[in-house]
Amino acid sequence: MAEKPTYEELEQKIKKLEKVASERKKGEAALQKKTYELRERVKELNCLYGISGLLEKADNSLADICQGIVDIIPPSWQYPEITCSRILLNEKEYKTDNFKKTNWNQTSDIFVFKEQKGAIEVYYLEKKSEIDEGPFLKEERILINAIAGRLGHIIEKKQAEEALREGEEEYRSILNNLLIGVVVHASDTSIMFNNREAENILGLTYEQMSGKKAIDPAWNFMQEDSTIMKVEEYPVSKVFSTKKPIHNFVLGINRPDRDYVTWVIVNAIPVFSNDSELAKMVVNFVDITALKQAEKKLAQVNVDLAAKNDELEQVVYVASHDLRSPLVNIDGYSKELDYAIKDLLRAFAETPTGAALPTVTPLLEQDIPEAMRFIRTSAAKMDTLLTGLLRLSRSGRAMLSIEPLDMNGLISKVIDSTEFQIKEAGIELEVANLPPCQSDSVQVNQVFSNFLSNALKYIDPSRPGIIRITGRVEGERSVYCVEDNGIGIAPDHLGKIFEIFHRLDPTHSEGEGLGLTIVKRIVGRLEGAVWAESNIGLGSRFYVALPKA
């Protein structure tokens, strides 16, 4: 029979799993951040392309171009739904329909031949979090400056053909310095222009790409499921057949000089002539091979983590069952021995004489009973620990039913279950209006029952107790706080309170020290977060963040 793992071995496995889980969350956060940044860059590039599209129409007046730029700007900013803009040029005004001046704005002056002729203004209609420049990203500052500079060049180009040619060269220079691949296709799908990054991503020279048609099977593109993509499914083929743009299309490229697939995310925008015929198409793409490889590694980590978690749960479950049987025997036989000692003492008491009585009596009355107490205390302690391990194991196997939760009603039920203890302790309980969340009612009830129980357990007897429950929405999460004015948690304990079997005061508190460990596990399964803040002698605040409804 295999040797049962020790508690230390189980604790080491748990710590390893927690470390893996922490690394997984960091990887997911980095991946989400990179994806978000890439999307923002694509929006900015589309803005530049849109402005270029305005210039393609030879009959566009300067007024048409200015109004077109004003309309293009809002979708290119971080919060398009609350963005408005206007251009002031030569005492004329061009603005979006929702234009309104607010305190949150960016401005860039328009210079024509080094003389200020106007300005571009971008406003947010409501306040947003401070980032790099007020609520605006530093890239948006770069973009608005680029647009202002571009508009200045447009005006100059309108005045002279030579300025137009210089502007075209500048445009090509900008594209060649972008870290995004850009390819311009003619109406027959042949390549008219590509920048340097396109050559780097595709592994081809400018000469090799020039004139090459997008429908050429030699491109050898792949679907996300790693199957070969049909030519009619190519982004360029779809845009030319539908006359509609394509956004965030993912495909793989089999390059002959690599033994792995190069993955890109593609955006393709059709450009129409004056008679509304499709004249050309601008395609931009970003190399996301590193992100794809990270996703693959993350998926494997998830598989390994799930396997290790299942293994650990099985070990804990088996240990908590198998070790309970001998404990029951130890406890039972110690009671039998205790009864036998009492019978023996009774027999000696009834014997009128006995030479051994002075020697045996101390053993029976002191030593053996004391040993029995130690045996039974240790057995009870081990039984408590095994019961806790069993609870911890079961907490990871409970079925979840995710649904929108009315947190006001749920907290009301939690309070009802502890109403007697609250009244007996004379606690003042304050509950704010709580936002809903998307979670499992049974599991969330257990989390807040634990928070409330701890607040009652560690109240400061030297002053009237106060417990406050509040909540707010932050981004995509509802954040709740259970605050008390109890004894608080010392700094050296605060970082350990969610560890298994950790208790603030083992000599004066009951339980296995698993309540907050189970809370952390529950919240993790619910795709949330839990943390605590405390000041010794002032009280504690326990927070839990769950997906908002």
Going by an N to O cut-off under 4.0 Å, is there a salt bridge joining E224 and K292? yes
Given the rule in the side-chain contact (heavy atoms from CB on, under 4.5 Å) test, do F285 and I265 qualify, once you have shown the distances and angles that lead to the verdict? CA-CA 5 Å; F285 44 93; I265 183 168; over 6 Å; no
Which pair of non-hydrogen atoms, one from I69 and one from I51, has the smallest distance, and what is that distance? CG1-CG1, 4.1 Å
Is there a side-chain contact between M209 and V183, using heavy atoms and a 4.5 Å cut-off? yes
For K114 and F111, indicate whether the former's side chain and the latter's backbone hold a donor-acceptor pair under 3.5 Å. no
Does the pair E133 and Q106 meet the rule for a side-chain contact (heavy atoms from CB on, under 4.5 Å), with working shown? CA-CA 9 Å; E133 179 183 340; Q106 280 185 317; 3.3 Å; yes
Would you check if V283 and H185 make a side-chain contact, meaning some heavy-atom pair closer than 4.5 Å? yes
Nearest 0.5 Å, what's the CD1-CG distance between I228 and D225? 10.0 Å
Would you mind reporting whether R86 and Y94 have side-chain heavy atoms less than 4.5 Å apart? no
Decide yes or no for F542 and E533: does some side-chain heavy atom of the first lie under 4.5 Å from some side-chain heavy atom of the second? no
Between CG on residue N284 and NE2 on residue H247, distance to nearest 0.5 Å: 9.5 Å
Taking every heavy atom of A532 against every heavy atom of I497, the minimum-distance pair comes out as CB-CD1, 3.7 Å
Lys/Arg cation over aromatic Y123: K101, 6.0 Å, 45° cone: no
In Å and rounded to the nearest 0.5 Å, what is the CD1 to CE distance from I191 to M281? 10.0 Å
Please check if the side chain of S241 supplies one atom and the backbone of S237 the other of a donor-acceptor pair under 3.5 Å. yes
Does the distance from a Lys or Arg side-chain N to an Asp or Glu carboxylate O, for R141 and E139, drop under 4.0 Å? no
Quick check: do Y206 and N194 have side-chain heavy atoms less than 4.5 Å from each other? yes
Pair F136 and Y124, ring centroids less than 6.0 Å apart: yes
Shortest non-hydrogen contact from M222 to W263? O-CZ3, 4.3 Å
Applying side-chain contact (heavy atoms from CB on, under 4.5 Å), run through V250 and I288 and close with a yes or a no. CA-CA 9 Å; V250 177; I288 59 169; 4.2 Å; yes
Evaluate R472 against E474 for salt bridge (Lys or Arg N to Asp or Glu O under 4.0 Å), listing each step before the verdict. CA-CA 7 Å; R472 63 185 185 277; E474 289 186 358; 2.5 Å; yes
Taking atom CD as the centre, does E91 end up with more than 12 heavy-atom neighbours from other residues, nucleotides or ligands that are less than 6.0 angstrom away? no
Under 3.5 Å, is there a donor-acceptor pair between the side chain of S190 and the main chain of K212? no
Are any non-hydrogen side-chain atoms of I110 and I87 less than 4.5 angstrom apart? yes
For K95, does its backbone N or O pair with a side-chain atom of Q67 as donor and acceptor, under 3.5 Å? yes
Does I522 form a side-chain contact (heavy atoms from CB on, under 4.5 Å) with Q446? I'd like the steps, not just the answer. CA-CA 9 Å; I522 288 173; Q446 187 172 350; 3.6 Å; yes
Strictly by modelled atom types, are D109 and Q116 linked by a side-chain donor-acceptor pair under 3.5 Å? yes
Are L405 and P436 side-chain neighbours, meaning at least one heavy-atom pair lies under 4.5 Å? no
Salt bridge present between K238 and E233 (N-O < 4.0 angstrom): yes
Got a sec: does the NZ of K230 have more than 12 other heavy atoms crowding it under 6.0 Å? no
Keeping Y480 on the side-chain end and P435 on the backbone end, is there a donor-acceptor pair under 3.5 Å? yes
Does some side-chain heavy atom of T96 sit less than 4.5 Å from a side-chain heavy atom of D71? yes
N267 side chain to N248 main-chain N or O, any donor-acceptor pair under 3.5 Å? yes
Which heavy atom of V523 sits nearest a heavy atom of A545, and at what distance? CG1-O, 4.5 Å
Counting only heavy atoms not in D97, do more than 12 fall under 6.0 Å of its CG? no
Short side-chain donor-acceptor distance under 3.5 Å, S108 and N145: yes
Check I73 against I120 and note the closest heavy-atom contact, atom names and distance. CD1-CG2, 3.9 Å
Between atom CG of L143 and atom CZ of R150, what is the distance when rounded to the nearest 0.5 Å? 13.0 Å
Donor-acceptor contact present, side-chain T83 to main-chain Y79, <3.5 Å: yes
Ignoring hydrogens and angles, state whether a donor on the side chain of E403 or Q438 is under 3.5 Å from an acceptor on the partner side chain. no
Side-chain donor or acceptor of N195 paired with backbone N/O of V182 under 3.5 Å: yes
Do E140 and K138 sit within salt-bridge range, that is, some charged N less than 4.0 Å from a carboxylate O? no
Heavy-atom closest pair (A279 atom, S273 atom, distance to 0.1 Å) is CB-N, 4.0 Å
Okay, side chain of N90, backbone of K92: is any donor-acceptor separation there less than 3.5 Å? no
The reported gap from OG1 in T262 to CG in N254 (rounded to nearest 0.5 angstrom) is 8.5 Å
Is there a donor-acceptor contact under 3.5 Å linking the side chains of T517 and R521? no
d(D406 CG, C437 SG) to nearest 0.5 Å is 9.5 Å
Between D64 (side chain only) and S61 (backbone N and O only), is there a donor and an acceptor less than 3.5 Å apart? yes
